[in-house]
Amino acid sequence: MGEFDGDELTDLPPSAKLVFKVLEYDGPLTQKQIVEESMLSARTVRYALERLQEIGIVDEDIYFADARQSLYRLAEPIAADGGIDDACGAEDACCAE
């Protein structure tokens, strides 16, 4: 996953910061999985995800294993040139030479 500089997280409540870290370490998860990993209440996780989505840090996708649930993942940070800041893509380009 991409790196975020922390300025986006400064004004967020501690629960949103915890949800961010859970997604950072454990990858894409459903809300139920985030509740289990973070040990926060479902309502608190829902609020934290809303806050993270408002500032563009978290993306919501369809969870194909159960369409009633959503899959949450960290959004790819935008590079200064407007493209996606993809460190892995840069490594692959270097290795291709």
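Since the structure is predicted, the reported quantities are computational estimates derived from the model, not experimental observations. Heads up: numbering here begins at 1 and tracks the sequence. All values below were derived from every heavy atom in this structure, side-chain atoms included, with hydrogens, water molecules and symmetry-related copies excluded.
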Quiz item: Do L9 and V22 sit in the same hydrophobic cluster, where Ile, Leu, Val, Met, Phe, Trp and Tyr count as joined when their side-chain heavy atoms come under 4.5 Å apart?
Solution: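 In one cluster with L9: V22, yes.
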
Quiz item: Any link between L12 and Y47 through a network of hydrophobic side chains (Ile, Leu, Val, Met, Phe, Trp, Tyr) touching at under 4.5 Å?
Solution: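 L12 and Y47: separate clusters.
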
Practice problem: State, with a plain yes or no, whether a side-chain heavy atom of Y63 is found less than 4.5 Å away from one of P28. | Solution: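 No, every pair of side-chain atoms sits at 4.5 Å or beyond.
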
Quiz item: Is there side-chain contact between Y72 and Q53, with heavy atoms separated by less than 4.5 Å?
Solution: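 The answer is yes, as the side chains (C-beta and beyond) meet within the 4.5 Å cut-off.
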
Exercise. Mind checking side-chain contact (heavy atoms from CB on, under 4.5 Å) for E54 and listing every partner two or more places apart, or none if nothing turns up?
Key: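 By the side-chain contact (heavy atoms from CB on, under 4.5 Å) rule, E54 matches R51.
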
Rounded to the nearest 0.5 Å, what separates atom [atom1] in [X] from atom [atom2] in [Y]?
| X | Y | atom1 | atom2 | result |
| --- | --- | --- | --- | --- |
| K21 | D26 | NZ | CG | 12.0 Å |
| L49 | F20 | CG | CZ | 12.5 Å |
| L23 | D59 | CG | CG | 10.5 Å |
| D11 | K17 | CG | NZ | 8.0 Å |
| M39 | L18 | CE | CG | 8.5 Å |

Quiz item: Would a distance-only check, ignoring hydrogens and angles, find a side-chain to backbone donor-acceptor pair under 3.5 Å from S38 to I34?
Solution: yes

Quiz item: Hey, is the main chain of T30 close enough, under 3.5 Å, to the side chain of Q33 for a donor-acceptor pair?
Solution: yes

Quiz prompt | Results of salt bridge (Lys or Arg N to Asp or Glu O under 4.0 Å) for D66 - residues two or more places apart only | solution = R68

Quiz prompt | Sequence-distant partners of K32, salt bridge (Lys or Arg N to Asp or Glu O under 4.0 Å), two or more places apart | solution = none

Nearest heavy-atom neighbours spanning [X] and [Y]:
| X | Y | value |
| --- | --- | --- |
| A16 | A48 | CA-CB, 3.6 Å |
| D61 | R73 | OD2-NE, 2.7 Å |
| L71 | I62 | CB-O, 4.3 Å |

Quiz prompt | Q69 and Q31: side chain donor to acceptor below 3.5 Å | solution =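 Their side chains do not contain a donor-acceptor pair, so the 3.5 Å distance test is not met.
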
